[in-house]
Colleague: 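Sharing a structure, written as structure tokens. Questions coming.
Within every chain, numbering begins at 1; the chains are lettered A, B, ... in the order of the sequence lines, protein sequences first and strands thereafter.
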There are 2 protein chains.
Amino acid sequence: MPTPPGTDPAPEMEIVHLLRATAVELGLHSARFAHRNGMHATDVRALIALMDARRAGEETTAGRLGAVLGLNSAGTTALVDRLERAGHVRRVRGERDRRQVVIEVEDRAVDLGQAFFGPLIERSVELLRGYDERQLAAIRGFLGGVREAAAGQG
Amino acid sequence: MPTPPGTDPAPEMEIVHLLRATAVELGLHSARFAHRNGMHATDVRALIALMDARRAGEETTAGRLGAVLGLNSAGTTALVDRLERAGHVRRVRGERDRRQVVIEVEDRAVDLGQAFFGPLIERSVELLRGYDERQLAAIRGFLGGVREAAAGQG
DNA sequence: ATCGAACATCTCGATGAACGAGATAATAAG
DNA sequence: CTTATTATCTCGTTCATCGAGATGTTCGAT
């Protein structure tokens, strides 16, 4: 995201770059977690998606996981193989539809994620506690707006 | 980044998840740009790094680029090969030190990035213009704090 | 001057994530 | 019961990245 050429840099650009830098840094943080546990970026994304779904009380099948991550069936199988081999998830045949393979996260993986991402989350919450409601609304509004713009375009 | 188990979800968690979602969405936005132009995530990161450096008035050598992206020399060579083959950059032997290969971005690549990321940047600036100085300070403080925390830990 | 160590980049072969095509198995529709 | 559809897996290939080492360049010490 470079500065538009022929434009005097608006003071708001500083924050735009800061957001980008923060996004990159969060990505690197995940990458460190992945590397440290012998995983790849996709594996971490998969675990996060699985935990999100679990928190929402939803089962995740192999196919659904692959769709969320943008993998085809072959890639999804390989991914689940890796995660299962590493002991982070287990395959369970679907009860209702026995063609399905439901992916369940092992507690061990949840703890691992907690240990690594917990401090960052706590620090974030701590930062947010320092702002009043008007300021929190601005943060929410800006992040939500950018997310929407990024999702909508292209 | 799941909610800590055994903890009543703090209201701040909503914003933490929003930030994560935004970071993911920005990553996907880059991925769409990459895919649409027959590139990979690393290629886009490389172009962004190159343009950032150029805006800062710095030359980028092959080795420096690889170091920024966390690639070894073989990977860096392959990366620059891809970018050069696609016409996004050109190799120029270093003047001062002829062992070096300075990577220069082609104008074509800059325009391409402008066209794709420009609208998102403009929308972000537009959003920011809607906030007062206290609110902007909160956004800056939160993003900067999270970035620092993500960079520092691990 | 010249030799050798340090450096920047490239080449080669190997590893592994992800893909396309197609096989297998379970369910649903006619 | 047969056929179509869906869910997952297998096989062979592609391509980014890696480790090791080759090649060319600079610089300090002699």
Side-chain angles (χ1 to χ4, degrees), chain A residues 27-28 30-50 53 58-86 88-104, chain B residues 27-28 30-50 53 58-86 88-104:
Chain A
L28 290 177
S30 280
R32 275 192 293 274
F33 172 69
H35 193 75
R36 185 171 307 188
N37 294 88
M39 296 199 252
H40 298 262
T42 301
D43 305 45
V44 178
R45 283 176 55 211
L47 283 179
I48 289 176
L50 287 166
E58 294 165 4
E59 281 190 339
T60 305
T61 65
R64 175 134 192 69
L65 178 62
V68 168
L69 301 178
L71 297 182
N72 71 2
S73 64
T76 303
T77 297
L79 164 69
V80 178
D81 281 351
R82 285 196 303 277
L83 291 177
E84 194 170 47
R85 207 179 314 126
H88 296 312
V89 305
R90 59 175 169 278
R91 282 176 160 96
V92 180
R93 270 288 160 195
E95 299 270 315
R96 215 186 44 211
D97 184 337
R98 289 236 300 270
R99 288 169 303 182
Q100 295 185 138
V101 170
V102 176
I103 314 296
E104 292 182 357
Chain B
L28 290 177
S30 281
R32 275 193 293 275
F33 173 69
H35 194 75
R36 186 170 306 187
N37 295 90
M39 296 200 251
H40 299 262
T42 301
D43 305 46
V44 178
R45 285 176 52 211
L47 284 179
I48 290 177
L50 287 167
E58 293 165 5
E59 281 190 339
T60 305
T61 65
R64 176 137 190 67
L65 178 62
V68 168
L69 301 177
L71 297 181
N72 72 1
S73 64
T76 303
T77 298
L79 164 69
V80 178
D81 281 351
R82 285 197 301 278
L83 291 177
E84 192 169 47
R85 207 177 315 124
H88 296 311
V89 306
R90 58 174 168 277
R91 282 175 161 96
V92 179
R93 269 290 158 196
E95 300 271 316
R96 213 187 44 210
D97 184 339
R98 287 235 302 273
R99 292 169 299 181
Q100 296 185 138
V101 169
V102 176
I103 314 296
E104 292 183 357

Colleague: Under 4.0 Å: is that the gap between some side-chain N or O of B:T42 and OP1 or OP2 of D:dT17?
Modeller: yes
Colleague: Between P on C:dG16 and NE2 on A:H35, what's the gap in Å once rounded to a whole number?
Modeller: 14 Å
Colleague: Rounded off to whole Å, could you give me the CD-to-P distance for the B:E95 and C:dA8 pair?
Modeller: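 Interatomic distance, CD of B:E95 to P of C:dA8: 18 Å.
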Colleague: Within the 4.0 Å heavy-atom criterion, would you say A:A74 contacts the bases, only the backbone, or no part of the nucleic acid?
Modeller: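 A:A74: base contact, heavy atoms under 4.0 Å.
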Colleague: Round to a whole Å and report the spacing from CD of A:Q100 to P of D:dA7.
Modeller: 7 Å
Colleague: Any sub-3.5 Å donor-acceptor pair from A:N72's side-chain atoms to A:A74's backbone N or O?
Modeller: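 The answer is yes, because a donor-acceptor pair under 3.5 Å joins these two groups.
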Colleague: Nearest whole Å is fine: how far is C:dG16 C1' from A:D43 CG?
Modeller: 11 Å
Colleague: Between the main-chain N or O of A:R99 and the side-chain N or O of A:R93, is there a donor-acceptor pair closer than 3.5 Å?
Modeller: yes
Colleague: I need the CE-P distance between B:M39 and D:dC15, as an integer number of Å.
Modeller: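 Rounded to the whole Å, the gap is 17 Å.
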Colleague: Need one value for A:G66: base, sugar-phosphate or nothing, where a base atom within 4.0 Å counts as base even if backbone is also close, heavy atoms only.
Modeller: nothing
Colleague: Nearest whole Å is fine: how far is D:dC9 C1' from A:L83 CG?
Modeller: 16 Å
Colleague: Mapping B:D81 and A:R98 to their closest nucleotides on DNA chain C, which lands nearer the 5' end?
Modeller: B:D81
Colleague: Scan B:L71 against the nucleic acid and name what it touches under 4.0 Å (heavy atoms): base, sugar-phosphate only, or nothing.
Modeller: sugar-phosphate
Colleague: Quick check on DNA chain C: between A:N72 and A:R96, whose nearest nucleotide comes earlier from the 5' end?
Modeller: A:N72
Colleague: Identify whether any heavy atom of B:D97 sits under 4.0 Å from a base atom; if not, whether one sits that close to sugar-phosphate; answer base, sugar-phosphate or nothing.
Modeller: sugar-phosphate
Colleague: Sub-3.5 Å donor-acceptor pair from the side chain of A:R82 to the main-chain atoms of A:D43, do we have one?
Modeller: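 Checked: no pair found.
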Colleague: Starting at the 5' end of DNA chain D, which residue's closest nucleotide do you reach first, A:R99 or A:R91?
Modeller: A:R99
Colleague: Just call it for B:T76: base, sugar-phosphate, or nothing, with non-hydrogen atoms closer than 4.0 Å on any strand.
Modeller: nothing
Colleague: Would you say a side-chain N or O of A:R82 is under 4.0 Å from OP1 or OP2 of C:dA18?
Modeller: yes
Colleague: Find the distance B:R45:CZ to D:dA16:P and express it as a whole number of Å.
Modeller: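 Checked: the CZ to P distance equals 15 Å.
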Colleague: Are A:E84 and A:R90 ion-paired here, with the side-chain N under 4.0 Å from a carboxylate O?
Modeller: no
Colleague: May I have the distance from B:H40 (atom NE2) to D:dT14 (atom P), rounded to whole angstrom?
Modeller: 14 Å
Colleague: Would you sort out whether B:I48 and B:V44 count as a side chain to side chain contact (heavy atoms under 4.5 Å, CB included), showing the intermediate values?
Modeller: CA-CA 6 Å; B:I48 290 177; B:V44 178; 4.0 Å; yes
Colleague: It should be established whether B:R64 places a side-chain nitrogen or oxygen under 4.0 Å from OP1 or OP2 of nucleotide C:dT9.
Modeller: no
